[in-house]
Chemist: 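I'd like to ask some things about the structure below.
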Amino acid sequence: MIHSIRSSSSTPDPSSECDQQLWDPQRDILTDKITVLINGYSESRIPLLQSLAATYTSLPIVSSVLVLWGNPSTSPQTLSHLSHNLSLSSFSDAPISLHIQPTTSLNSRFLPRHTLIKTRAVLICDDDIEVDRSTIEFCFDTWRSNPDRLIGLFVRSHEVDMINKEWIYTVHPNRYSMVLTKFMMLKREYLGVYSCRGGDKMRRMRTIVDQMSNCEDILMNFVVADESNVGPVMIGAVERVRDWGDPRNDYEDGGNGVRDVGLSSRRSEHRKKRGKCIQEFHRVLGRMPLRFSYGKLVNSVGEQALCKKKGKLVNCDHF
């Protein structure tokens, strides 16, 4: 289904999405499947987007795939063609559908969508992240053991700049406090908390997201940490994870527009802006809810010791 595009840049009015009768966390909810929300924007990534959506819908654990299109400049003809191709890409009982975001606000990514999301687990992901089937299933298994936490593959950290006395956004070598929406699994109740609860403070923080045109993922991390009082969980890939949009990719053909279309491709400017978001969220909330986590959860528990065999040190499990 394709809806009309509106080019408003303000925060979407979540009133209809926040109806308490409709938004019943226990109503017709599936606990053994996930709903996948893929964020789409770049027309150059449409072939990759279609391939990713088809991969997700082929998994038995997936209930449905929702492609959330956020580019207001995309023509109706292109959208109609995309919607048709997506509908043909599903070869299982899990449908793929295209949904035009109601505004250009990044907050729209976390609208509850109570009539569409019928699972407790929701996977938020980007249109340039290719994840193998085993890793997706491992992520779901990990989430089922930690349903109140954010689970993901890509992590970042907050830290205090002691010289300038301000919060910064960074990558720390041995700890993390945030999961990125490149690939993030959460319980669907958090969508309601983000969009519908928190009163004036949450409205002000959602407004900051609009003003910055950034940081909706950081705000979700604030929301979840404040609700759960624990940090996120980083998982390791079972086979492989490909980030097609990372500017560090070396493409002989220039990438054909697959990379360098996102905010994160402008790395220095991007980090400064996101540090500013952390600073502002902390100021509005009046506290720092983010909690650090350490280590990475992997799906293998094989022997790690080395044994000598034929004059060489090899993994003991290889005997």
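From a predicted model like this one, the values you see are computed outputs, not experimental measurements.
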Chemist: I would like to know whether Arg274 and Ile218 meet side chain to side chain contact (heavy atoms under 4.5 Å, CB included); could you show each step before the answer?
Modeler: CA-CA 8 Å; Arg274 288 168 73 79; Ile218 295 178; 3.6 Å; yes

Chemist: What distance do Cys125 atom SG and Leu52 atom CG have between them, rounded to the nearest 0.5 Å?
Modeler: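 Going from SG on Cys125 over to CG on Leu52, the span is 7.5 Å.
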
Chemist: For His270 and Ser268, does a side-chain donor sit closer than 3.5 Å to a side-chain acceptor?
Modeler: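 Short answer, no.
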
Chemist: Is there a donor-acceptor pair under 3.5 Å between the side chain of Ser80 and the backbone N or O of Pro76?
Modeler: no

Chemist: Does the side chain of Gln101 pick up a donor-acceptor pair with the side chain of Trp69 at under 3.5 Å?
Modeler: no

Chemist: Please name all residues satisfying side chain to side chain contact (heavy atoms under 4.5 Å, CB included) with Ser58, sequence neighbours left out, ordered by chain then number.
Modeler: Arg133

Chemist: Are Asp243 and Arg248 within salt-bridge range, i.e. N to O under 4.0 Å?
Modeler: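 Salt bridge between Asp243 and Arg248, a charged N being under 4.0 Å from a carboxylate O: no.
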
Chemist: With a 4.5 Å cut-off on side-chain heavy atoms, are Lys273 and Tyr169 touching?
Modeler: no

Chemist: Is it true that a side-chain atom of Arg291 and a backbone atom of Pro289 form a donor plus acceptor pair closer than 3.5 Å?
Modeler: yes

Chemist: Please lay out, stage by stage, how Thr35 and Thr119 fare under the test side chain to side chain donor-acceptor pair (under 3.5 Å).
Modeler: CA-CA 6 Å; Thr35 300; Thr119 62; 2.7 Å; yes

Chemist: Looking at every non-hydrogen atom in both residues, tell me the closest pair between Leu219 and Arg206 and how far apart they are.
Modeler: CD2-N, 4.0 Å

Chemist: Is there a side-chain contact between Leu49 and Ile38, using heavy atoms and a 4.5 Å cut-off?
Modeler: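 Contact flag for Leu49/Ile38 side chains = yes.
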
Chemist: Does the side chain of Ser75 pick up a donor-acceptor pair with the side chain of Thr78 at under 3.5 Å?
Modeler: yes

Chemist: Is there a side-chain contact between Arg242 and Trp244 (heavy atoms, below 4.5 Å)?
Modeler: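 Yes, close enough: below the 4.5 Å cut-off.
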
Chemist: What's the verdict on side chain to side chain contact (heavy atoms under 4.5 Å, CB included) for Ile117 and Leu37, showing C-alpha distance, side-chain angles and the deciding distance?
Modeler: CA-CA 9 Å; Ile117 299 175; Leu37 307 183; 4.3 Å; yes

Chemist: Assess whether a salt bridge exists between Asp132 and Arg240, defined as any Lys/Arg side-chain N lying under 4.0 Å from an Asp/Glu carboxylate O.
Modeler: no

Chemist: Using salt bridge (charged side-chain N to carboxylate O under 4.0 Å, His left out) as the criterion, list what pairs up with Lys276, not counting sequence neighbours.
Modeler: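 Lys276: salt bridge (charged side-chain N to carboxylate O under 4.0 Å, His left out) contacts with Glu280.
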
Chemist: Under a 4.0 Å N-O cut-off, is there an ion pair linking Lys165 with Asp161?
Modeler: no

Chemist: Is the backbone N or O of Leu106 less than 3.5 Å from a side-chain atom of Glu216, with the two atoms forming a donor-acceptor pair by type?
Modeler: no

Chemist: Taking all heavy atoms of Pro232 and all of Ser293, pick out the closest pair and write down the distance.
Modeler: O-OG, 2.6 Å

Chemist: Let's go through Asn107 and Tyr194 carefully: what are the C-alpha distance in whole Å and the side-chain angles of both, what is the deciding distance for side chain to side chain contact (heavy atoms under 4.5 Å, CB included) to 0.1 Å, and is it a yes or a no?
Modeler: CA-CA 9 Å; Asn107 291 305; Tyr194 184 104; 2.5 Å; yes

Chemist: Do Ile278 and Val160 sit in the same hydrophobic cluster, where Ile, Leu, Val, Met, Phe, Trp and Tyr count as joined when their side-chain heavy atoms come under 4.5 Å apart?
Modeler: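 Yes, it is one cluster - the side chains of Ile278 and Val160 are joined through contacts under 4.5 Å.
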
Chemist: Could you give the distance from NZ (Lys187) to CG (Asn146), rounded to the nearest 0.5 Å?
Modeler: 11.5 Å

Chemist: Assess whether salt bridge (charged side-chain N to carboxylate O under 4.0 Å, His left out) is satisfied between Glu227 and Arg149, documenting all intermediate values.
Modeler: CA-CA 9 Å; Glu227 288 282 313; Arg149 305 172 77 171; over 6 Å; no

Chemist: Rounded to the nearest 0.5 Å, what separates atom CD in Gln211 from atom SG in Cys277?
Modeler: 10.0 Å

Chemist: Side-chain contact test, heavy atoms from C-beta onward, threshold under 4.5 Å: evaluate it for Ile34 versus Val122 and give yes or no.
Modeler: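 No; the side chains remain at least 4.5 Å from each other.
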
Chemist: Going by the side chain to side chain contact (heavy atoms under 4.5 Å, CB included) test, name the single residue among Val67, Ile96, Leu82, Thr55 that passes it with Gln50.
Modeler: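 For Gln50, the side chain to side chain contact (heavy atoms under 4.5 Å, CB included) test succeeds with only one of Val67, Ile96, Leu82, Thr55, which is Leu82.
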
Chemist: Check the pair Met220, Phe222 against side chain to side chain contact (heavy atoms under 4.5 Å, CB included), reporting the backbone distance first and the verdict last.
Modeler: CA-CA 5 Å; Met220 177 57 85; Phe222 265 68; over 6 Å; no

Chemist: Could you tell me whether the side chain of Arg109 reaches within less than 4.5 Å of the side chain of Thr181, counting heavy atoms only?
Modeler: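 Heavy-atom side-chain distance check passes, below 4.5 Å.
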
Chemist: Do you reckon Leu150 sits in the same ILVMFWY cluster as Met288, going by side-chain contacts under 4.5 Å, direct or chained?
Modeler: yes

Chemist: Between Arg45 and Asp127 (salt bridge meaning N to carboxylate O under 4.0 Å), is one present in this structure?
Modeler: yes

Chemist: Heavy atoms only: give me the nearest Asp93-Pro95 pair and the separation to one decimal.
Modeler: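 Taking Asp93 first and Pro95 second, the nearest heavy atoms are O-CD, 3.2 Å.
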
Chemist: Would you confirm whether the ring centroid of His158 sits within less than 6.0 angstrom of the ring centroid of Phe292?
Modeler: yes

Chemist: Does Ile208 share a hydrophobic cluster with Ile168, counting links as ILVMFWY side-chain heavy atoms below 4.5 Å and allowing steps through other members?
Modeler: no

Chemist: Look at atom CG of Asp200 and say whether more than 12 heavy atoms of other residues, nucleotides or ligands are closer to it than 6.0 Å.
Modeler: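 For Asp200, atom CG is crowded (more than 12 foreign heavy atoms under 6.0 Å).
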
Chemist: Could you state whether Leu30 and Ile61 fall into the same hydrophobic cluster, counting links through intermediate Ile, Leu, Val, Met, Phe, Trp or Tyr residues with side-chain heavy atoms under 4.5 angstrom apart?
Modeler: no

Chemist: Give a yes or no answer on whether the side chain of Thr57 reaches the backbone of Ala53 with a donor-acceptor pair at less than 3.5 Å.
Modeler: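 It does not hold such a pair.
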
Chemist: Leu79 versus Leu98: any side-chain heavy-atom pair under 4.5 Å?
Modeler: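 When only atoms from C-beta onward are counted, Leu98 and Leu79 do touch, with a gap below 4.5 Å.
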
Chemist: For Ser97 and His99: C-alpha separation, side-chain torsions, deciding distance, then whether side chain to side chain donor-acceptor pair (under 3.5 Å) applies.
Modeler: CA-CA 7 Å; Ser97 55; His99 303 269; 2.6 Å; yes

Chemist: Is it the case that one hydrophobic cluster holds both Tyr190 and Leu116, taking links as side-chain heavy atoms less than 4.5 Å apart, direct or via other members?
Modeler: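 Result: yes, single cluster for both.
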
Chemist: Hey, are the side chains of Thr74 and Tyr41 touching, using non-hydrogen atoms and a 4.5 Å cut-off?
Modeler: no

Chemist: Whether Arg283 and Glu166 form a salt bridge (side-chain N of Lys/Arg under 4.0 Å from carboxylate O of Asp/Glu) is what I want to check.
Modeler: no

Chemist: Compare every heavy atom of Ala94 with every heavy atom of Val62, then report the nearest pair and how far apart it is.
Modeler: O-CB, 3.3 Å

Chemist: So, taking the atom named CD1 in Ile136 and the one named CG in Leu153, what distance separates them when rounded to the nearest 0.5 Å?
Modeler: 9.5 Å

Chemist: Mind listing the closest non-hydrogen atom pair of Glu239 and Thr135 along with its distance?
Modeler: N-OG1, 3.7 Å

Chemist: Does the side chain of Ile235 reach to within under 4.5 Å of the side chain of Val298, using non-hydrogen atoms?
Modeler: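 Counting from C-beta outward, Ile235 and Val298 never come under 4.5 Å.
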
Chemist: Would you give the length of the straight line joining atom CD1 of Ile151 to atom CG of Leu297, rounded to the nearest 0.5 angstrom?
Modeler: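 It is 8.0 Å, given to the nearest 0.5 Å.
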
Chemist: Return yes if some donor-acceptor pair links the side-chain N/O of Asn221 with the main-chain N/O of Asp217 below 3.5 Å, else return no.
Modeler: yes

Chemist: Measuring from atom OH of Tyr56 to atom OG of Ser90, what distance do you get when rounded to the nearest 0.5 angstrom?
Modeler: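 It comes to 15.0 Å.
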
Chemist: Taking the six-membered ring of Tyr294 as reference, does the NZ or CZ atom of Arg175 fall below 6.0 Å from its centre and within a 45° cone about the axis?
Modeler: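 No, Arg175 and Tyr294 do not form such a contact.
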
Chemist: List the atom of Val241, the atom of Phe154, and the distance in Å for their closest heavy-atom pair.
Modeler: CG1-CZ, 3.8 Å

